[in-house]
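The figures here come from the full heavy-atom set of this structure, side chains too, leaving out hydrogens, waters and symmetry mates.
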Amino acid sequence: MDSNTLTEMCLQQLTLSGVHEGEKVIVLSQGAERLDYADAFLAAGQRLGARMYHLRLPAPLPTNGAWAVGETGLAGNPEAVEALKNVDMVVDLIFLLFSKEQMAIQAAGARVLTAVEPAPLLARLMPTKELRDRVEAAAAILRKARTMRITSKLGTDVAYKIGVYPVIEEYAYTDTPGRWDHWPAAFVFTGGADDGVDGKIVLAPGDVLLPFNSYVREPVTYTIEKGFIQDIRGGLDAELIKSYMGQFNDPRGMGMSHVGWGLDHRAQWHGLTQFPGGMGMELRSFLGNVMFSTGPNNELGGPNDTACHLDIPMRNCSLFLDDEPVVLDGQVVSRDFGKAA
């Protein structure tokens, strides 16, 4: 993608995010990654009259390859954190989510936008005000509920006690002080009570394993009691999941994290075949997917800050809030937020 097109996209994004003359905005990058994104955001912000800065961290040291959420290049760099706390907006090109540093930045009032997906995907899933309206309508319904039940024809039947943790809306831009969002995104989620998730989840072929960025090939069965996974059974995919989780050597990785559903009619289930190298945001967003997660819930204000995290968007599930259907067999049924934006 040429630099002019990318700059125009970033201009549209920053406009939606309320960037205006006199605001102070830092673009955060790391090593040589996404420097074209950094240049585009800097140029776009200047056109809006904002005071633009680029904070570039050194490239990360080699790791064992595990996606250790919450561990960032800002750890041990309080000067950089302080700089980021003292701006109106941070454009995060390295992925700070779940980190103590991002939480401190948001608590100071800076809004944060993460942008790490491939540029063609950013272009195709550009946020809109209409999509935000749909996400906010879904969030309003979720906030009223106290129970969530997820079922599937393959055998999923799991109940969440909800209402303990806040509802999070992602619609891919942020114009509110202290708020984070991720471009692209269109879904809502919350978390079950720490001891309030019980039942069975059966992954079906075609469900998605993130951060593996792969599709499930054969059924995987999770048994959950009082908010923690007790057993994972199946074939190769189950063994890969258990091996991946085991390398963290942290039993908190077996905890149940956030849960919700996707709301973007433009997002495509087969997206991983088109845009390799991203974080799978399209798969979290496609309309009617039901996504459950394992591991940390500190993003929601919970006590679990393990680095072991998986997001698993599932197809063809049904989701009920207080026994009222929201998604049936993978189709959003609520007239309030099911139509194309």
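- Side-chain contact check for Leu283 versus Tyr215: some heavy-atom pair is nearer than 4.5 Å.
- No donor-acceptor pair under 3.5 Å is formed between the side chain of Trp269 and the backbone N or O of Asn289.
- Val116 and Val91 sit in two unconnected hydrophobic clusters of ILVMFWY residues. Membership requires side-chain heavy atoms under 4.5 Å apart, directly or through other members.
- Using modelled atom types, one finds no donor on one side chain facing an acceptor on the other under 3.5 Å when comparing Asp175 with Ser17.
- Asp92 CG to Arg34 CZ: the interatomic distance, rounded to the nearest 0.5 Å, is 9.0 Å.
- Here the shortest heavy-atom pairing between Thr306 and Asp250 reads OG1-OD2, 2.9 Å.
- Residue Val259 is grouped with residue Ile241 when hydrophobic side chains (ILVMFWY) are merged at heavy-atom distances under 4.5 angstrom, including chains of intermediate members.
- Judged by distance alone, the side chain of Glu169 and the main-chain N or O of Val167 form no donor-acceptor pair under 3.5 Å.
- Taken to the nearest 0.5 Å, the CG atom of Leu55 stands 5.5 Å off from the CD1 atom of Ile26.
- Taking 4.0 Å as the cut-off between side-chain N and carboxylate O, Glu8 and Arg47 count as a salt-bridged pair.
- Using a 30° and 60° split on the angle between ring planes, Tyr244 and Phe212 fall in the perpendicular class, above 60°.
- Counting non-hydrogen atoms of neighbouring residues, nucleotides and ligands closer than 6.0 angstrom, the CD atom of Gln230 exceeds 12 such neighbours.
- Residues Tyr37 and Val27 fail the side-chain proximity criterion, which asks for heavy atoms closer than 4.5 Å.
- For Thr114 and Trp180, the side-chain atoms include at least one donor-acceptor pair closer than 3.5 Å.
- Residues Gln102 and Leu97 are in side-chain contact: their nearest non-hydrogen atoms beyond the backbone lie under 4.5 Å apart.
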Where do Leu209 and Leu203 land on the side chain to side chain contact (heavy atoms under 4.5 Å, CB included) test, with the steps shown first? CA-CA 10 Å; Leu209 297 171; Leu203 306 185; 4.0 Å; yes

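- Close placement of the Phe292 and Tyr222 rings is indicated, their centers lying within 6.0 Å of each other.
- The heavy-atom pair separating Met314 from Asp207 by the smallest distance is CA-OD1, 3.3 Å.
- Annotation: Arg146, atom CZ; neighbour count of heavy atoms from other residues, nucleotides and ligands within 6.0 Å is above 12.
- Nearest heavy atom pair, residue Arg266 against residue Arg124, reads O-NH1, 3.0 Å.
- In this structure the side chain of Leu210 reaches within 4.5 angstrom of the side chain of Pro313, judged on heavy atoms.
- Checking Ser293 against Asp311 by side-chain atom types alone, a donor-acceptor pair falls below 3.5 Å.
- Side chains of Tyr165 and Asp194 form a contact here, defined as non-hydrogen atoms less than 4.5 Å apart.
- Gln30 places no side-chain N or O within 3.5 Å of a backbone atom of Leu57 that could act as its donor or acceptor partner.
- Under a 3.5 Å cut-off, the side chain of Ser99 and the backbone N or O of Glu71 do not form any donor-acceptor pair.
- Of the inter-residue distances, the one linking Gln13 atom CD with Tyr173 atom OH reads 9.0 Å to the nearest 0.5 angstrom.
- Although no hydrogens or angles enter the test, the distance criterion places a donor-acceptor pair under 3.5 Å between the side chain of Glu218 and the main chain of Leu236.
- A donor-acceptor pair is defined here as one N or O able to donate and one able to accept, closer than 3.5 Å; such a pair exists between the side chain of Glu282 and the backbone of Gln268.
- The number of heavy-atom neighbours closer than 6.0 Å to CG of Asp323, taken from other residues, nucleotides and ligands shown, is 12 or below.
- Heavy atoms from other residues, nucleotides or ligands lying under 6.0 Å from NZ of Lys242 number more than 12.
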Checking side chain to side chain contact (heavy atoms under 4.5 Å, CB included) for the pair Lys129/Tyr171: CA distance, chi angles, key distance, verdict?
CA-CA 9 Å; Lys129 292 180 179 178; Tyr171 45 79; over 6 Å; no

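- Under the 4.5 Å side-chain criterion, counting only non-hydrogen atoms from C-beta, Asp329 is in contact with Lys153.
- The backbone N or O of Gly199 sits nowhere less than 3.5 Å from a side-chain atom of Asp157 that would complete a donor-acceptor pair.
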Run the numbers on Trp183 and Leu121 for side chain to side chain contact (heavy atoms under 4.5 Å, CB included), then give the verdict. CA-CA 9 Å; Trp183 176 25; Leu121 185 60; over 6 Å; no

Worksheet item: Yes or no on side chain to side chain contact (heavy atoms under 4.5 Å, CB included) for Leu35 and His54, after CA distance, side-chain angles and deciding distance?
Response: CA-CA 10 Å; Leu35 292 181; His54 184 188; 4.0 Å; yes

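- Note: Glu82 CD to Asn77 CG = 11.0 Å, rounded to the nearest 0.5 Å.
- Here the side chain of Thr7 pairs a donor or acceptor atom with the backbone of Ser3 at under 3.5 angstrom.
- Note that CD1 of Ile232 is 7.5 Å distant from OG1 of Thr294, once rounded to the nearest 0.5 Å.
- A chain of hydrophobic side-chain contacts below 4.5 Å, direct or via other Ile, Leu, Val, Met, Phe, Trp or Tyr residues, connects Phe228 to Ile312.
- Inter-residue side-chain proximity for Arg111 and Val19 is flagged as met; some heavy-atom pair is nearer than 4.5 Å.
- A tilted orientation is assigned to the rings of Phe189 and His258, their planes being inclined by 30° to 60°.
- Met279 and Leu122 fall into different hydrophobic clusters, where Ile, Leu, Val, Met, Phe, Trp and Tyr are joined by side-chain heavy atoms under 4.5 Å apart, directly or via other members.
- Nearest heavy-atom pair across Asp264 and Leu125 is OD2-CD2, 3.8 Å.
- Between the Arg56 side chain and the Gly31 main chain, a donor and an acceptor come within less than 3.5 Å of each other.
- Taking both residues in full, the closest heavy atoms of Gly155 and Val202 are given as C-CG2, 3.8 Å, listed atom of the first, atom of the second, then distance.
- Expressed to the nearest 0.5 Å, how far CG of Asn297 lies from OG of Ser257 amounts to 6.0 Å.
- Closest approach of Met103 and Glu299 over heavy atoms only: CE-N, 3.9 Å.
- With contacts defined as side-chain heavy-atom distances shorter than 4.5 Å, the pair Met148/Val326 does not qualify.
- A side-chain contact (heavy atoms from CB on, under 4.5 Å) with Met256 is found for one member of Asp198, Val158, Asp195, Ile201 and no other, namely Ile201.
- Taking hydrophobic clusters as Ile, Leu, Val, Met, Phe, Trp and Tyr residues chained together by side-chain heavy-atom distances below 4.5 Å, Leu11 does not share a cluster with Leu16.
- Without hydrogens or angle criteria, Thr174 side chain to Asp181 main chain gives no donor-acceptor distance under 3.5 Å.
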